[in-house]
Protein chains: 2
Amino acid sequence: MLMSPEDSVADAAVGLFGDPLRARIVRLLATEQMCTCHLIEQTGARQTTISHHLRLLRRAGLVETEPRGRYTYYRLRPEAIADLADGLRDLAAQAAEARDRYRPC
Amino acid sequence: MLMSPEDSVADAAVGLFGDPLRARIVRLLATEQMCTCHLIEQTGARQTTISHHLRLLRRAGLVETEPRGRYTYYRLRPEAIADLADGLRDLAAQAAEARDRYRPC
DNA sequence: TGGTGACATCGAAACATGCTGATGTCACCC
DNA sequence: GGGTGACATCAGCATGTTTCGATGTCACCA
């Protein structure tokens, strides 16, 4: 099995969905792009907290920013999410094939 | 922060991919089913550590067990992983649609 | 039936992560 | 130019997670 470095990057990116607030942010951004203040009022979280999660999502490449005047708009990068989905689909296919294969002890 | 139950379950499950050792275990199980001892020798991790991660994966429904004599075989549940992949694919589609929609401040 | 080997469970310690208040930067408007 | 509001960064803490050694259970075999 191939374990290229990108795989671990992908895993870390998928892992980001694990936090409830981050998952909430992703879902909100999936409906329309928003600036930080919208995310704050939608989630009720503090500004610094939102900003922190957005940084993680940005670093993982799941989200991109567009500064617009004094506001900063955030939107999801559908390609990145589609990549993760593809990775998981491949994994599922591989797992389905491996179901009946087993290694004796 | 309210989230529908299904959402949090799926997110938590995807989140499990975040840990490197767990991701490694999942990848190994994607090639063939294995008992704990195989996973131990492949990863170099301790038996208790492996056992702990397998429990998390099992609780999330990503993995199922089959006790066979004194060994316990583990295998992935391809349907579960395919479900996650589908969820991500839908999210990507939704995000693609939302790209040009934005909420003025 | 007693020994051994596979696996699960249980704290405790090490470690990572999320949240917060304080503070910095920068665009905008008076 | 000074005030304000949007957002980023930082350092500390609180909390959760990973890992570990010790221990328990259970199947197998001599």
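Letters go in sequence order (proteins before strands), and every chain restarts at 1. The figures here come from the full heavy-atom set of this structure, side chains too, leaving out hydrogens, waters and symmetry mates. It should be emphasised that the depicted structure is a prediction, and the values quoted were computed from it without experimental measurement.
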| field | Expected output: side-chain B:Thr43 to main-chain B:Leu39 donor-acceptor under 3.5 Å | value | yes
| Of all heavy-atom pairs between A:Phe17 and B:Asp11, which one has the smallest distance, and what is that distance? | O-CB, 3.5 Å
| Axis bend over the full length of the helix from C:dT1-D:dA30 to C:dC30-D:dG1, computed from five pairs that close each end, to 10 degrees | 20°
| message | I'd like to check the ring-ring contact (aromatic ring centres under 6.0 Å, His included) partners of B:Tyr73; sequence neighbours left out, ordered by chain and number. | response | A:Tyr102
| query | Which letter, B, S or -, goes with each nucleotide of nucleotides 2-9 of chain C from 5' to 3', with contact meaning a protein heavy atom under 4.0 Å? | reply | --BBSBBB
| query | To the nearest Å, how far apart are B:Leu57 CG and D:dT17 P? | reply | 14 Å
| request: Give a yes or no on whether the backbone of B:Glu32 and the side-chain of A:Arg103 come within a donor-acceptor separation of less than 3.5 Å. | output: no
| field | A:Arg68 or A:Arg46, whichever maps to the more 5' nucleotide of DNA chain C | value | A:Arg46
| request: Please examine the side chains of B:Glu64 and B:Arg75, heavy atoms only from C-beta on, and report whether any two atoms are closer than 4.5 Å. | output: yes
| query | Can you check whether A:His53 has a side-chain N or O nearer than 4.0 Å to OP1 or OP2 of C:dC19? | reply | yes
| message | Check whether B:Arg101 reaches the backbone of A:Thr31 with its side chain - one donor and one acceptor, N or O, closer than 3.5 Å. | response | yes
| said: Name the residue from A:Ile50, A:Leu54, A:Leu57, A:Leu28 that meets the side-chain contact (heavy atoms from CB on, under 4.5 Å) definition with A:Tyr74. | reply: A:Leu54
| query | Reckon A:Leu56 touches a base, only the sugar-phosphate, or nothing at all at heavy-atom distances under 4.0 Å? | reply | sugar-phosphate
| request: Check for a donor-acceptor pair, side chain of A:Arg22 on one end and backbone N or O of A:His53 on the other, with a separation under 3.5 Å. | output: no
